[in-house]
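Worksheet: one structure, shown below.
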Amino acid sequence: MLPERLSAMREQTRIGRYRRFRRAAAPTTVVQRRVAGLSPCRAMAEAFAIYTKLEKPVILPGERFFFTRTLSGHIPAPVPGLPIENISADWELLLHQGLSGRIAAAEAVLRTPGNTPESMEFLQSAIAMMQAASALSRRYADAAEQSGDTAGAALLRKVPLYPAETLHEALQSIFFMYSMLHLSAVTLQGLGRMDQYLFDYYRRDLAEKRLTRQEAGELLAEFFICLNRENDLYGMAQRGDDGQSVMLGGCRRNGSRGDNDLTLLLLETAGEIAMINPKINLRVDSETPAEILRAGVQLTGRGLGFPQYCNDEVVIPALIRFGYPPEDARDYAVAACWEFTVPDGRDIPNSMAINLALAADRAIRAAMREGLSWEELLQNLAPEIRKQLPPPHSRRELVPNPLFSALKGRCIERGRDLHSGGGRHYHTGAHGCGSSTAADALAAVKKWVYDEGRIPPARLLRALESNFADDEELRLLLRDHSPKTGNCDPATNDCLRRVFDAFADVLEEITDNGFGGRIRPGTGSAQNYALMTRREGPLRLRATADGRRDGEYISSSLSPAPGVCARGLLSILQTYGTLDYSRLCNGGPITLEVTPAYFRSPEAVEKTIALIHAFIRTGCQQLQMNTLDPAVLRDAQKHPERHRDLIVRVWGWSGYFVELDPMYQDQIIGRQSYGG
Amino acid sequence: MDGLIFDIAEGSIHDGPGLRTTVFLKGCPLRCRWCHSPEGQSPEPEWLNTAAGRRLCGVRWKAEDLGQYLRRLGELTVGEGGITFSGGEPLMQADFLLEVFDHLDGIHTIVETSGMGKRTKLLQLAGKSSRIHFGIKILSPIPAHSWTGASLPIVLRNLHALDESGTAEYLFRIPLLAGIVDTGDNLRRLMDLTFSLRHLRQIEFLPANPLAAAKYAACGRTFPRDRRLTTTGTIPAWFAPAVPWRLLE
C-alpha cells in the first residue's frame with residue numbers, strides 16, 4: 001500500500017496538477033533565431049543555456065525529488081534533423097563521476113594535443129551544457145534553502161554535480177539530468193538497467209541502516225510517480241508513447257546472474273503505483289529465479305500491460321551474431337518500445353518500416369496475373385520488399401547533443417559527439433509489419449490455388465482487384481476456411497518463415513545504412529498495423545488474399561491477424577517460436593491478450609509463470625501480455641470519466657485508454673482474448 | 001478413429017495443476033439442470049446462434065491428429081502441467097480417447113467424468129490417465145435422477161470399481177449448488193461415502209457458475225429460472241469426510 005502522501009502525489013500527477021507551474025511557453029522560435037549561424041554543437045549548447053536560465057525553481061513541501069518544468073511545450077532541437085531519441089544515457093557514468101567528473105574528463109581531453117576544431121567545439125559545448133545544468137541545480141538549492149528545506153538544499157548542491165553516495169542522491173541525480181536531457185530536445189528517453197546501476201546504492205543504504213527495504217520502496221515509488229509528471233511533454237502523438245522504459249533482470253556483462261533484490265523491489269513498486277511510467281521490461285531465461293518470475297507475473301496480473309518479457313536465451317545470441325561484442329550484447333536494454341539497445345553506440349532502431357503484407361500481396365497478384373508457380377511467387381517476396389526500402393543515401397541529418405554525449409559511453413574520451421562518431425555502432429532497425437497477414441494470404445493462396453486448384457487465379461485476382469465486391473463467397477472461404485497464423489500448423493508456419501527469411505535476406509544485402517552501420521530486421525510493427533492500411537500512392541495496401549478487405553487493419557507486431565481466433569495461448573507461442581530470431585535482432589513482441597477472468601483466479605500466477613517458461617522453451621524472443629475486457633473498454637469510450645485510470649498496452653507501451661486516439665482504441669477492443 | 005470436440009482451451013486455469021490444455025468432448029448422457037456447457041450435451045455437431053454470428057459447434061478430430069497436437073503442447077509444460085479431457089462426458093467417446101492416449105507419450109493427463117458410462121471403459125481410461133476427476137453430485141437416487149438424469153446405482157458401481165482397481169489417482173469434483181448439493185442429507189451421504197473408499201485423494205468443491213445461462217439462447221434453449229442453479233452453497237462446520245476438501249474459487 002502506498003503511504004498517504006504518495007497516494008496524494010499520484011492523484012495530483014494523474015489530474016495534471018503539476019502542469020500549473022508551467023507559466024511560459026518555451027520561446028522556441030526566438031531561440032532558433034538566436035542560435036542561427038552557430039555550429040550545431042554550439043547551437044545546442046546555446047539553446048540549452050537559454051532554456052535552463054528561463055526555468056524557475058519550484059520547491060514543493062515534503063517532496064523528495066526536485067525539478068518541475070516551468071516552460072510549457074515540447075522542446076525541439078534548434079537545428080533541423082533527428083535529435084537523440086530511443087536511447088538511454090549511461091546513468092552509472094553520471095552516478096559514479098557526477099557532472100564534475102565528466103567536466104574534468106572533457107577538460108583533460110581538451111588539454112591533450114591534436115584536437116580537431118570539431119572535437120574542441122564538442123568538448124567545450126559539453127562542458128558548457130553540464131555547467132548550465134549544475135547552475136540550475138544550484139538555483140534549485142538556493143530556492144530550497146529559502147523555503148527552509150536544508151536537506152533538500154544539501155542534496156541539490158551535491159548531485160548531479162558530484163558522485164552520488166546514497167540511493168536518494170542517485171535517484172535525484174538521474175531525475176534532474178533526465179529532465180535536463182528532455183530540456184535539450186532528447187525524446188523517448190529510457191532509464192536503462194536500473195536494478196544494475198542502483199543496486200550498490202541500495203545495498204549500502206540497507207547495510208548502513210540509512211533505509212529499510214520499505215523506505216527504499218517508498219523512495220522508488222516517489223521517483224516513479226515523478227516520471228509521470230511531465231510525460232505529456234516528452235512523447236509522441238499518442239499520450240503514453242513517451243519511451244520511459246526500464247530494463248530489469250538478466251545477466252551481467254560477464255554473463256553471471258544480474259537479478260537481485262532491487263529487481264524484485266522495482267517490480268513490486270511498479271505494481272503499487274500502477275501508472276503508465278516507467279514501462280517495465282524483464283529479461284528472463286530458464287534459470288531466472290522463481291521469486292523474480294513471480295514478481296513479474298504479479299505485475300502482469302495488475303493489467304498494466306507490462307512487464308514486457310525478453311528471452312535472454314534468444315536475444316543475446318542474436319545480438320552477438322549480428323556483430324555486437326558479447327559483453328555489450330549481455331548488457332542490452334530496450335528503446336521506447338521493444339527495440340534492443342546495446343551500449344557504446346547509437347542505433348536508430350525504428351528508422352524504417354516494411355509492409356510485409358503489401359510485399360506478399362504484390363507477389364500474389366503478380367503470380368496470379370502471370371501464371372507463376374508457387375516457388376516463383378515466393379521468390380518474388382524479396383524483390384517486393386526491396387522496392388519498399390527508402391532510396392539509399394536518404395539518411396536524415398543527426399542533431400548532435402553534447403550533454404547527452406557526455407553521459408554516454410566514451411564520447412568525451414573520444415572527443416566526438418555521439419551523433420558524429422562518438423559511438424562504436426550506428427545500425428538502423430527495420431520493422432517487419434503485418435507478418436501474420438502476409439503469411440495468411442500466402443497460405444490461403446497455396447491451399448486454394450496451388451495445392452487444391454479450387455480457385456482459378458483469374459477469379460482470385462478479380463476478387464482482390466474489386467475488393468471482393470462481387471465475390472463474397474470467395475472472401476468468406478479465404479477468411480474463415482483457410483489456415484491462419486497462430487495455430488501452429490505447418491502451412492502457415494512455413495509461409496511466415498519464408499516472409500521473414502526474405503525480409504532478413506534483403507536487409508543483409510545492405511552493407512551500409514548511410515551511417516556506417518547495417519540494418520537490423522525486426523518483428524515489431526509499432527502503429528503501422530493501422531497507418532499502413534491508410535496510405536495512398538505506391539505503398540497503398542488493398543484487399544489481401546486472407547479475406548481482409550481494403551482498409552481493415554493488418555496484424556500488429558507478432559500476433560494473429562485481426563479477427564483470427566487462434567487455438568490458444570500455447571499454439572501462438574509455438575507458432576512464433578518457429579521463427580529464426582538469430583536473424584531478427586531488432587525486436588518485436590508477441591502480443592497476447594488474456595481475459596480478465598484469467599487473472600482473477602488465485603491459480604493464475606502459478607499458471608502464468610508456467611506460461612513464461614513455455615515462452616522461453618519455445619524459443620520466442622519477446623512477449624507482452626495484456627488483460628482486456630471489451631465490455632469495459634466500450635464503456636470507457638462512452639464514459640471516459642469513469643475509467644480515467646484504465647491502462648492498456650498499445651503497441652510497445654502502456655497508455656491510459658481514454659487518452660488514446662479512437663483509431664487505436666478500436667483496434668484494442670477488437671483484439672482476441674485467450675485463457676480462462 | 002474420429003472424435004467430436006466442442007472446444008479446446010490452451011492455458012486453462014480451473015482444470016488441474018500447472019500449464020494445462022483442456023479438451024472438451026462433445027456428448028453427455030447427463031442433463032444437469034445447472035449445466036453451463038449445454039452445447040456439449042448433444043453428441044452431434046450443432047449450429048449455435050451467437051452474438052457474433054452463426055457458428056458450427058463440434059469439430060471432428062482424428063485421434064492421431066489430436067494426439068500429435070496435444071503432444072506438441074505437452075512439450076511446453078514444465079513440472080506438473082498437461083492435458084485435461086472434459087466434456088460433455090469423455091466416457092461417451094472412450095475408444096477415441098484411448099486411441100488419443102496412445103499418442104501422448106506420458107504427458108500428465110486428467111479425465112473428468114461423471115461416472116455415467118461403461119465400467120470397463122472407465123477402468124481402461126483410468127489405467128492410462130494420471131488422474132481422474134470424478135464429478136459426483138447428488139447421492140440419493142431420486143434427486144440425482146431428477147436434477148442430473150444420472151442413474152446413481154451405475155455411478156456408484158463404477159466409482160467402487162475405480163476405487164478397487166487402484167490404478168489412477170482420483171478425486172471428487174463437486175459443484176456446490178446451494179440447496180441442491182449442499183443439503184445436510186447430501187453432505188452426510190458424501191461423508192459416509194468417503195469412508196468406504198480407499199483410494200480417494202481429496203474433494204474439490206466448485207463454485208456455482210453465475211453465468212451458466214449464457215449459452216442457452218445460442219443453443220435455442222432456455223435456462224431454468226431457479227436461483228439455486230447459480231448460487232454457491234456453503235459447507236457446514238460438522239462436515240468431516242475421510243479425505244481433505246477445499247472449495248475452489
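Here is how names work: the chains are called A, B, and so on, in the same order as the sequence lines, proteins then strands, and each is numbered from 1. Every value quoted in this text rests on a predicted model; they were computed, and no experiment measured them. The analysis underlying the following values was restricted to heavy atoms, covering all of them including side chains, and did not include hydrogens, waters or symmetry mates.
Within a 6.0 Å sphere centred on CZ of B:Arg246, other residues, nucleotides and ligands contribute more than 12 heavy atoms. Other residues, nucleotides and ligands place more than 12 heavy atoms under 6.0 Å from the NE2 atom of B:His108. Within a 6.0 Å sphere centred on CZ of B:Arg201, heavy atoms belonging to other residues, nucleotides or ligands number 12 at most. Crowding of A:Glu473 atom CD: a count of heavy atoms from other residues, nucleotides or ligands under 6.0 Å not exceeding 12.
For A:Arg617 (side chain) and B:Glu75 (main-chain N/O), a donor-acceptor pair under 3.5 Å exists by modelled atom type. Listed for the B:Arg72 side chain is a donor-acceptor partner under 3.5 Å among the backbone atoms of A:Cys488. The closest donor-acceptor contact from the side chain of A:Lys607 to the backbone of B:Gly18 lies under 3.5 Å.
Residue B:Leu73 touches chain A through both its backbone and its side chain, counting heavy-atom pairs closer than 4.5 Å. Neither the backbone nor the side chain of A:Thr608 comes within less than 4.5 Å of any heavy atom of chain B. Interface remark: A:Arg567 contributes backbone and side-chain atoms alike to the contact with chain B (heavy atom separation under 4.5 Å). Residue contact with chain B, scored on non-hydrogen atoms closer than 4.5 Å, is absent for A:Glu606. B:Thr21 touches chain A through its side chain: at least one heavy atom from C-beta onward sits under 4.5 Å away, while N, CA, C and O do not.
Residue A:Leu611 holds its CG atom at 10.0 Å from CD of B:Glu10, rounded to the nearest 0.5 Å. In this structure, OH in B:Tyr69 is found 8.0 Å from CG in A:Asn487, a value given to the nearest 0.5 Å. Note that OH of A:Tyr674 is 15.5 Å distant from OG of B:Ser12, once rounded to the nearest 0.5 Å.
Heavy atoms only, all atoms of each residue included: A:Ala614 and B:Leu19 are closest at CB-CD2, 3.8 Å.
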